[in-house]
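Working notes, beginning with the structure itself.
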Amino acid sequence: MEANMPKRKEPGKSLRIKVISMGNAEVGKSCIIKRYCEKRFVSKYLATIGIDYGVTKVQVRDREIKVNIFDMAGHPFFYEVRNEFYKDTQGVILVYDVGQKDSFDALDAWLAEMKQELGPHGNMENIIFVVCANKIDCTKHRCVDESEGRLWAESKGFLYFETSAQTGEGINEMFQTFYVSIVDLCENGGKRPTTNSSASFTKEQADTIRRIRNSKDSWDMLGVKPGASRDEVNKAYRKLAVLLHPDKCVAPGSEDAFKAVVNARTALLKTIK
Ligand code: GTP
Ligand code: MG
């Protein structure tokens with residue numbers, strides 16, 4: 001049996017699972033859980049001290065699921081408290097604040113912390129991760145857009161939802177899909193169903209879209225040296241166009257990246273004699 005398979009009381013009927021929340025302090029982990037479990041929102045920030053634990057029951061198809069939720073403190077100060085709670089987990093709610101780029105950039109570090117705590121025999125492949133791009137109600141301050149978040153999540157085979165604990169948007173859908181995926185995983189012998197396990201786009205496509213997003217000018221975007229010839233620009237353009245053409249690439253953000261590449265080429269060709 002897989003190390004992180006849940007304990008069943010009655011095979012085929014009730015199921016007990018463990019879910020944890022992860023993400024920087026103040027991104028809204030506790031509020032997301034509160035919104036779902038208690039249907040309310042607290043605007044005052046009450047930092048989680050170490051870990052908050054709760055139990056809830058949900059129904060998925062014909063099964064009653066008892067969910068043990070461990071809501072972790074995001075503050076680095078609580079590392080020592082939360083590190084022992086990573087093991088035997090079937091589901092992770094990974095949260096960032098769409099208005100705080102740091103909290104998005106920190107997601108990799110959260111995965112690394114979990115991996116480290118699970119040790120060399122821990123298996124992250126058999127855990128369902130759902131990424132919550134939270135606080136979408138704060139539209140004015142948004143700095144991580146949907147395609148950027150979705151690209152990160154889906155390239156890792158994770159679920160992705162846009163949420164607001166304040167308005168409730170996306171919260172029920174997120175939990176419902178999350179729990180169904182966990183039950184599917186349990187019924188599949190602790191392995192992620194194959195449809196979820198691999199993204200429908202390649203790592204090269206995802207990396208290229210990210211590189212294009214972060215490029216500093218048109219030369220950089222096409223991946224050529226400043227002052228490159230028309231031929232070099234056209235060659236680089238054709239390679240990217242094949243990789244990112246919207247007919248061929250379904251990665252989030254590919255359409256924008258493709259347009260940006262077309263514009264970059266046009267701009268460069270105008271400047272090259
Ligand atoms: P730690 O426990 O310290 O790790 O933080 P946390 O991630 O649990 O954050 P918490 O849920 O306590 O929320 C932090 C602050 O953000 C609070 O003031 C919440 O009211 C606010 N907040 C949470 N979710 C949302 C949201 O969707 N929209 C808005 N506008 N504010 C939110
Ligand atoms: Mg909290």
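Basis for what follows: all heavy atoms, side chains included, without hydrogens, waters or symmetry-related copies.
The CZ atom of F70 sits 8.0 Å away from atom OG1 of T89, with the distance rounded to the nearest 0.5 Å. The distance from atom OG1 of T266 to atom CG of L268, rounded to the nearest 0.5 Å, is 9.0 Å. For the atom pair OG of S164 and CD1 of I32, the computed distance is 9.0 Å after rounding to the nearest 0.5 Å. Interatomic distance, L118 CG to M124 CE, rounded to the nearest 0.5 Å: 6.5 Å. Note: Y237 OH to L222 CG = 9.5 Å, rounded to the nearest 0.5 Å. Note that OG of S200 is 7.0 Å distant from CD of E154, once rounded to the nearest 0.5 Å.
Residues E26 and Q100 fail the side-chain proximity criterion, which asks for heavy atoms closer than 4.5 Å. Annotation: side chain of V60 is not in contact with side chain of L15 (no heavy-atom distance under 4.5 Å). Considering only heavy atoms from C-beta on, F161 stays 4.5 Å or farther from I171 through its side chain. When side chains are defined from C-beta on, T56 does not count as touching E38, because their heavy atoms never get closer than 4.5 Å. The closest side-chain heavy-atom distance from S21 to I33 is below 4.5 Å. By the 4.5 Å heavy-atom criterion applied to side chains, I136 and T163 are not counted as neighbours. Looking at V130 and T177, their side chains never come closer than 4.5 Å, going by heavy atoms from C-beta outward. Contact check for M114 versus I127: side-chain heavy atoms found under the 4.5 Å cut-off.
In this structure, the side chain of R265 does not engage the main chain of N234 through any donor-acceptor pair within 3.5 Å. E162 contributes no side-chain N or O that, together with a main-chain N or O of A133, makes up a donor-acceptor pair within less than 3.5 Å. Not one N or O on the side chain of S181 forms a donor-acceptor pair closer than 3.5 Å with the backbone of I128. Formation of a donor-acceptor pair under 3.5 Å by the R82 side chain with backbone atoms of H75 is found in this model. A donor-acceptor distance shorter than 3.5 angstrom exists from the side chain of Q205 to the backbone of L243, with no hydrogens or angles considered. A distance-only check finds a donor-acceptor pair linking the side chain of R211 to the backbone of M221 [under 3.5 Å].
Note on V42 and Y36: separate hydrophobic clusters, where clusters join Ile, Leu, Val, Met, Phe, Trp and Tyr whose side-chain heavy atoms are under 4.5 Å apart, directly or indirectly. Criterion: ILVMFWY side-chain heavy atoms under 4.5 Å apart, direct or through other members. Under it, V242 and I209 are not part of a common hydrophobic cluster. V92 and Y79 are not part of a single hydrophobic cluster, where members link through side-chain heavy atoms under 4.5 Å apart. Clustering ILVMFWY residues whenever any of their side-chain heavy atoms sit less than 4.5 angstrom apart, transitively, puts F41 in a cluster other than the one holding M174. L269 and W219 fall within a single hydrophobic cluster, where Ile, Leu, Val, Met, Phe, Trp and Tyr are joined by side-chain heavy atoms under 4.5 Å apart, directly or via other members.
Here the closest non-hydrogen pair linking N134 and A165 is OD1-N, 3.4 Å. Here the closest non-hydrogen pair linking W110 and G74 is CZ2-O, 3.5 Å. Minimum interatomic distance between R16 and Q90 (heavy atoms only, all atoms of both residues): O-OE1, 4.4 Å. Considering every non-hydrogen atom in both N126 and L185, the closest pair reads O-CD1, 3.5 Å. Across every non-hydrogen atom of G23 and K29, the tightest pair is O-NZ, 2.9 Å. What you find for S103 and D97 is that their closest heavy atoms are OG-N, 2.9 Å.
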Could you give me the CA-CA distance, side-chain angles and deciding distance for T48 and F78, then say whether side-chain contact (heavy atoms from CB on, under 4.5 Å) is met? CA-CA 9 Å; T48 303; F78 295 111; over 6 Å; no
Evaluation steps, side-chain contact (heavy atoms from CB on, under 4.5 Å), between N24 and Y96: CA-CA 7 Å; N24 279 9; Y96 69 93; over 6 Å; no
Apply side-chain contact (heavy atoms from CB on, under 4.5 Å) to R210 and S155, showing your working. CA-CA 11 Å; R210 267 191 283 265; S155 60; 4.0 Å; yes
Pair Y160, E146 - check side chain to side chain donor-acceptor pair (under 3.5 Å), show working. CA-CA 9 Å; Y160 172 89; E146 178 173 353; 5.3 Å; no
For D88 and K18, what are the C-alpha separation, side-chain angles and deciding distance, and is it a salt bridge (Lys or Arg N to Asp or Glu O under 4.0 Å)? CA-CA 7 Å; D88 302 326; K18 176 181 166 188; over 6 Å; no
Before giving the answer on side chain to side chain donor-acceptor pair (under 3.5 Å), spell out for D71 and S30 the whole-Å C-alpha distance, their side-chain angles and the decisive distance to 0.1 Å. CA-CA 7 Å; D71 177 24; S30 303; 2.5 Å; yes
Could you go step by step and tell me if K115 and D108 meet the salt bridge (Lys or Arg N to Asp or Glu O under 4.0 Å) rule? CA-CA 10 Å; K115 197 165 194 275; D108 283 310; over 6 Å; no
Show the numbers, then the answer: is there a side-chain contact (heavy atoms from CB on, under 4.5 Å) between E255 and F258? CA-CA 5 Å; E255 221 164 287; F258 180 72; 5.7 Å; no
Assess the residue pair D52 and K34 against the criterion (salt bridge (Lys or Arg N to Asp or Glu O under 4.0 Å)); give the C-alpha distance rounded to whole Å, side-chain angles, the decisive distance to 0.1 Å, and a yes or no. CA-CA 11 Å; D52 266 348; K34 198 166 267 154; over 6 Å; no
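Heavy atoms of other residues, nucleotides or ligands lying less than 6.0 angstrom from CD of E204 number 12 at most. Enclosure of atom NZ in K39 by more than 12 non-hydrogen atoms of other residues, nucleotides or ligands within 6.0 angstrom is indicated. Summarising the local packing, CD of E113 is surrounded by more than 12 heavy atoms from other residues, nucleotides or ligands at distances under 6.0 Å.
Aromatic ring orientation, F129 versus F158: parallel (interplanar angle below 30°, classes split at 30° and 60°). Using cut-offs of 30° and 60° on the angle between ring planes, the pair F175 and Y179 is tilted.
For residues 227-245, the set of pairs meeting the salt bridge (Lys or Arg N to Asp or Glu O under 4.0 Å) definition, not counting sequence neighbours, is empty.
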